[in-house]
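Labels below follow one simple rule: chain letters A, B, ... track the order of the sequence lines, proteins then strands, and each chain is numbered from 1.
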There are 2 protein chains.
Amino acid sequence: MANQLSRLDQVFSALADPTRRAIVMRLCAGEASVGELADPFEMALPSFMKHIHVLETSGLVLSEKSGRVRTCRLSPDTLVGAEDWFQQQRAIWEARLDRFEAYVMKLKKDKERAGAKRPSNKINRTTGKTTKRKGSE
Amino acid sequence: MANQLSRLDQVFSALADPTRRAIVMRLCAGEASVGELADPFEMALPSFMKHIHVLETSGLVLSEKSGRVRTCRLSPDTLVGAEDWFQQQRAIWEARLDRFEAYVMKLKKDKERAGAKRPSNKINRTTGKTTKRKGSE
DNA sequence: CAATTGGTTAGCCATGGAGCTAACTATAGG
DNA sequence: CCTATAGTTAGCTCCATGGCTAACCAATTG
């Protein structure tokens with residue numbers, strides 16, 4: 001009854017480490033042996049190997065050993081899988097934004113029709129900005 | 001003055017937790033109070049608050065308190081920032097793929113032109129790539 | 001004002017992650 | 001066969017993370 005981390009858990013936590021992100025970035029440029037990968041880092045090999053192992057169990061990296069050298073390569077599918085998560089969130093976010101904007105437009109129309117009564121734009125005290133949000137800020 | 005984690009470190013490690021991902025997903029649909037957010041989770045409030053705090057220091061979530069209720073909302077910029085990282089990696093990956101494909105095409109042409117003369121480049125059986133590793137391939 | 005509600009602070013504990021050294025295995029090369 | 005190379009295993013620290021309880025504000029509300 002071990003923990004059974006979800007794939008996303010593993011992928012994100014793998015990418016949370018700068019060393020491991022660097023490895024992934026390196027592997028984007030093509031496969032490499034453990035030694036080649038480890039070379040730029042000031043770190044004992046066993047420590048480094050742990051990172052490789054984390055990347056492997058996360059599914060981001062595949063490796064196979066031939067002779068005495070282990071060659072690692074990226075598994076682009078997993079990376080893309082994580083990317084998808086962002087895109088889904090963004091889709092939801094943007095849908096909401098659209099709804100919100102529609103709502104604001106409706107408010108505006110209502111006000112215009114009411115004939116410029118009062119300046120009802122609330123000001124956010126902490127940011128000093130109006131609540132009107134068009135694109136990003 | 002200690003660790004000075006990079007923003008990406010913080011964002012990814014924030015997203016590595018399923019509770020926190022759920023919070024982010026919930027906030028994509030619109031802002032909410034801490035209580036509302038905490039409701040679906042079987043977790044003591046202080047524990048839950050820690051998650052909120054992690055999300056805040058990662059920059060993914062903003063919050064402000066008015067009266068006794070704290071309202072949280074998503075900071076889409078940070079989310080998009082993380083998404084960018086993936087896109088950059090994918091760009092590099094795809095560029096490499098293109099180069100690789102071009103390389104394969106060249107091999108093919110060479111072979112055709114040579115009329116099946118000699119196989120001077122050793123081919124690694126497992127990867128299908130030459131052993132000659134100068135720079136990238 | 002008293003009680004409730006919504007968060008917050010403080011402090012404890014168990015686990016896991018990231019690093020190390022030392023010693024070992026197994027291939028490649030001379 | 002001997003040695004150097006490339007990883008691997010074992011086992012140890014240290015500290016960050018995720019969870020808890022208990023006690024504590026500070027606004028609302030009756």
From CG of B:Asp9 across to P of D:dA16 the rounded distance in Å is 14 Å
Sequence neighbours excluded - ring-ring contact (aromatic ring centres under 6.0 Å, His included) pairs with any residue from residues 36-76 of chain B: B:Phe41-B:Phe48
I'd like to check the salt bridge (charged side-chain N to carboxylate O under 4.0 Å, His left out) partners of B:Glu56; sequence neighbours left out, ordered by chain and number. none
Short side-chain N/O contact to C:dA18 OP1/OP2 from A:Ser47, under 4.0 Å: no
Contacts of B:Trp93 that satisfy ring pair (Phe, Tyr, Trp, His ring centres under 6.0 Å) - sequence neighbours left out: none
Could you state the CD-C1' distance from A:Glu42 to C:dA18, rounded to the nearest angstrom? 16 Å
Quickly work out the B:Asp39 CG to C:dG7 P distance and round it to whole Å. 11 Å
CZ on A:Arg26 to CD1 on B:Ile92, rounded to 0.5 Å: 11.5 Å
Supply the atom-to-atom distance A:Ser75 OG to A:Leu55 CG, rounded to the nearest 0.5 angstrom. 11.0 Å
Partners meeting salt bridge (charged side-chain N to carboxylate O under 4.0 Å, His left out) with A:Asp9 (sequence neighbours left out): B:Arg21
Considering only heavy atoms, which members of residues 14-37 of chain B lie under 4.0 Å from some atom of DNA chain C? B:Ser33, B:Val34, B:Gly35
Rounded to the Å, how far apart are A:Phe41 CZ and C:dA18 P? 14 Å
When rounded to whole Å, the NZ to C1' distance for the pair B:Lys65 and C:dT8 reads 7 Å
d(B:Asp77 CG, B:Leu60 CG) to nearest 0.5 Å is 11.0 Å
Under the rule for salt bridge (charged side-chain N to carboxylate O under 4.0 Å, His left out), what residues qualify as partners of A:Arg73, not counting sequence neighbours? none
Is there a donor-acceptor pair closer than 3.5 Å between any side-chain N or O of A:Arg20 and the backbone N or O of A:Ala14? yes
Rounded to whole Å, please give me the gap between CZ in A:Phe48 and C1' in D:dA6. 13 Å
Can you tell me how far the NZ atom of A:Lys65 sits from the OG atom of A:Ser63, to the nearest 0.5 Å? 9.5 Å
Rounded to whole Å, the CE-P distance (A:Met49 to C:dG17) equals 17 Å
Between the protein and nucleotides 25-30 of chain D, which nitrogen or oxygen pairs come in under 3.5 angstrom?
unit_1: D:dA27; atom_1: N3; unit_2: B:Arg68; atom_2: NH1; d: 3.0
unit_1: D:dT28; atom_1: O4'; unit_2: B:Arg68; atom_2: NH2; d: 3.3

Less than 4.5 Å apart, any side-chain heavy atom of B:Leu45 and any of B:Val34? yes
Contacts to DNA chain C from residues 51-61 of chain A, heavy-atom cutoff under 4.0 Å, which residues? A:His51
Under 3.5 Å donor-acceptor, A:Thr78 side chain and A:Gly59 backbone: yes
With rounding to the nearest 0.5 angstrom, report the CG to CG distance, A:Leu62 to A:Leu74. 8.0 Å
Is the ring pair B:Phe86/B:Phe12 parallel, tilted or perpendicular, if the boundaries are 30 and 60 degrees? perpendicular
Contact list for residues 55-80 of chain B, test ring-ring contact (aromatic ring centres under 6.0 Å, His included), sequence neighbours left out: none
Enter the inter-axis angle for the ends of the helix from C:dC1-D:dG30 to C:dG30-D:dC1 (five pairs per end, rounded to 10°). 20°
Measure the distance from CG on B:Leu45 to P on D:dG18 and round it to the nearest whole Å. 17 Å
Set out, line by line, the N/O atom pairs under 3.5 Å between protein and nucleotides 10-13 of chain C.
none

I need the full list of salt bridge (Lys or Arg N to Asp or Glu O under 4.0 Å) pairs touching residues 30-45 of chain B, with sequence neighbours left out, sorted by first then second residue. none
